[in-house]
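These values consider heavy atoms only, across backbone and side chains, with no hydrogens, waters or symmetry-generated copies.
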Amino acid sequence: MQYPLISEYVAAIRDAKENLDKLAYLEPVLDNHGEPCRSNGDFAVVFKMKDPKTGRNYALKCFTDEQEGRGEAYRQITEELASVDSTYITAVKYLEQELSVNDEAFPVLLMDWVDGETMETYIADHYADSHAMAMLCYRFCEMAAWLRAQSFAHGDIKPDNIMVRPDSTLTLVDYDGMYVATMKGKKSPTIGTKDFAHPLRTVDDFDETIDDFALAVIALSLKAISLDPSLYTTYGTSDRLLFAASDFLDLSKSKVLAALQSLLADEELKTLLSMFLMASAKKSLSMCSFSLFGLKVPHCEQPKEEEVLGTEVTEEDIKNGIRDERGVTYSKDGERLLKALGRALSGHYMIKEGTKVICNEAFSNCRSLTSINIPDCVTSIGNSAFYECI
């Protein structure tokens with residue numbers, strides 16, 4: 001089958017109501033030039049679509065080349081992910097002969113739209129911020145531990161396939177190379193991106209361990225950059241982190257690995273380095289405990305007491321249910337007291353006028369809150385201020 005050019009897809013999406021079949025209720029989201037919002041990849045183009053009735057946004061992936069068995073693979077992937085309840089994964093639906101282009105019908109993949117930016121872009125913008133990188137490494141390692149506890153694998157883990165949402169949570173995208181249990185014994189449609197894939201990986205390597213090497217490479221790289229941002233400017237490029245495929249062929253000659261020796265005083269880096277070396281030797285982490293991905297939550301320096309509005313929260317305040325100073329108070333016991341106070345919060349909360357600082361973990365784990373009003377006077381929001389505010 002000869003697939004359309006990107007320009008032909010754009011023309012078809014402009015008139016989506018006429019050219020889509022089951023998804024004819026969707027309409028394209030337009031950019032500032034009145035053109036359908038899209039992002040182009042190597043083998044596909046993704047359009048941002050909207051359901052005008054619900055206001056919900058979707059990603060519509062249109063393919064530009066043939067991949068044998070794509071339809072059956074996505075049927076199996078859809079069934080596997082339907083029961084997965086996690087922000088790390090988004091729902092997908094493959095539709096055959098859905099989009100008409102030049103009077104011929106082509107398949108599309110419908111996914112939930114993920115707001116945010118790719119981890120590749122996020123790193124390029126924040127690599128010099130040690131705390132931001134430490135938090136990114138922490139969240140990535142949380143995702144890595146979760147992913148390796150699943151019966152499926154992504155197949156092409158790299159920063160460009162990971163979205164960083166506005167709330168800093170991570171979501172995997174692009175499931176073309178995904179493995180699920182029902183594919184056991186089949187060959188992989190990809191061997192991953194070379195700067196993140198094991199050098200000996202082949203299409204015969206297709207099981208739940210195929211992400212292990214990439215996970216170890218990225219975790220180690222993020223931790224190293226958080227400790228020494230100059231590593232990124234020295235060894236990083238626009239499409240990879242620190243390591244290149246050539247490093248993996250002979251680690252004894254890797255300048256990146258040699259540069260990491262100066263960071264070995266950090267216990268977490270040593271742990272991640274050991275996992276990387278294990279994955280390099282065995283092509284997987286099957287001999288490791290995935291709890292080794294469990295890093296401590298990074299902490300940033302608290303603001304000075306005189307820089308923060310509000311009065312000290314006391315145990316008596318908590319007993320009396322006081323809430324006015326929630327999120328603006330800091331004391332030596334601030335984190336413990338604020339968390340205890342937070343359990344009582346529910347519904348909508350308004351931070352009072354005059355507040356300048358929202359402290360670290362101020363609203364952490366306030367799961368009963370539905371919304372928060374932040375006045376314009378707030379100038380600083382602390383680390384994990386809204387962590388787990390689901």
Selection residues 179-237 - residue pairs positive for ring-ring contact (aromatic ring centres under 6.0 Å, His included), sequence neighbours left out: Tyr127-Tyr232, Tyr179-Phe206, His198-Phe213, Phe213-Phe248, Phe213-Phe276

Under the salt bridge (Lys or Arg N to Asp or Glu O under 4.0 Å) test, residues paired with Glu79 that sit two or more places apart: Arg75

Over 12 foreign heavy atoms within 6.0 Å of CD, Gln2: no

Residue among Leu95, Asp15, Leu99 satisfying side chain to side chain contact (heavy atoms under 4.5 Å, CB included) with Leu20: Leu99

Asp205 side chain near Ser188 side chain, heavy-atom distance below 4.5 Å: no

Residue among Asp174, Val173, Val92 satisfying side chain to side chain contact (heavy atoms under 4.5 Å, CB included) with Met111: Val92

Residue list, salt bridge (Lys or Arg N to Asp or Glu O under 4.0 Å) with Asp160, at least two apart or on another chain: none

Any Leu273 side-chain heavy atom under 4.5 Å of Thr271 side chain: no

Contacts of Glu80 that satisfy side-chain contact (heavy atoms from CB on, under 4.5 Å) - sequence neighbours left out: Ser151, Phe152, Val180

Pairwise ring-ring contact (aromatic ring centres under 6.0 Å, His included) hits with a residue in residues 30-55, at least two apart: none

Side chain Glu98, main chain Leu23, donor-acceptor under 3.5 Å: yes

Atom pair CG/OG of Leu260 and Ser221 - distance to nearest 0.5 Å: 8.0 Å

Check: Asp167 side chain, Thr169 main-chain N or O, donor-acceptor pair, under 3.5 Å: yes

Pairing residues for Ala73 by the side-chain contact (heavy atoms from CB on, under 4.5 Å) criterion, not counting sequence neighbours: Met183

Side-chain heavy atoms of Asp156 within contact of Asp176, under 4.5 Å: no

Enclosure of Leu170 CG (heavy-atom neighbours >12, cutoff 6.0 Å): yes

Residues forming a side-chain contact (heavy atoms from CB on, under 4.5 Å) with Ser230, sequence neighbours excluded: Asp228, Thr233

Geometric class of the Tyr3/Phe106 ring pair [parallel <30°, tilted 30-60°, perpendicular >60°]: tilted

Residues in side-chain contact (heavy atoms from CB on, under 4.5 Å) contact with Ser168, at least two apart in sequence or another chain: Arg139

Verdict with supporting geometry, Arg148 and Asp211, salt bridge (Lys or Arg N to Asp or Glu O under 4.0 Å): CA-CA 8 Å; Arg148 281 305 288 114; Asp211 293 331; over 6 Å; no

ring-ring contact (aromatic ring centres under 6.0 Å, His included): pairs with one or both residues in residues 54-102, sequence neighbours excluded: Tyr74-Tyr94, Tyr88-Trp146

Results of ring-ring contact (aromatic ring centres under 6.0 Å, His included) for Tyr122 - residues two or more places apart only: His126

Donor-acceptor under 3.5 Å (Thr171 side chain, Thr87 main chain): yes

Test item: Asn19 and Val101 side chains (from C-beta on) under 4.5 Å apart, heavy atoms: no

Residues in salt bridge (Lys or Arg N to Asp or Glu O under 4.0 Å) contact with Glu96, at least two apart in sequence or another chain: none

Inter- and intrachain pairs under side chain to side chain donor-acceptor pair (under 3.5 Å), touching residues 249-269, at least two apart: Lys223-Glu268, Asp247-Ser254, Asp250-Ser252, Glu267-Lys270

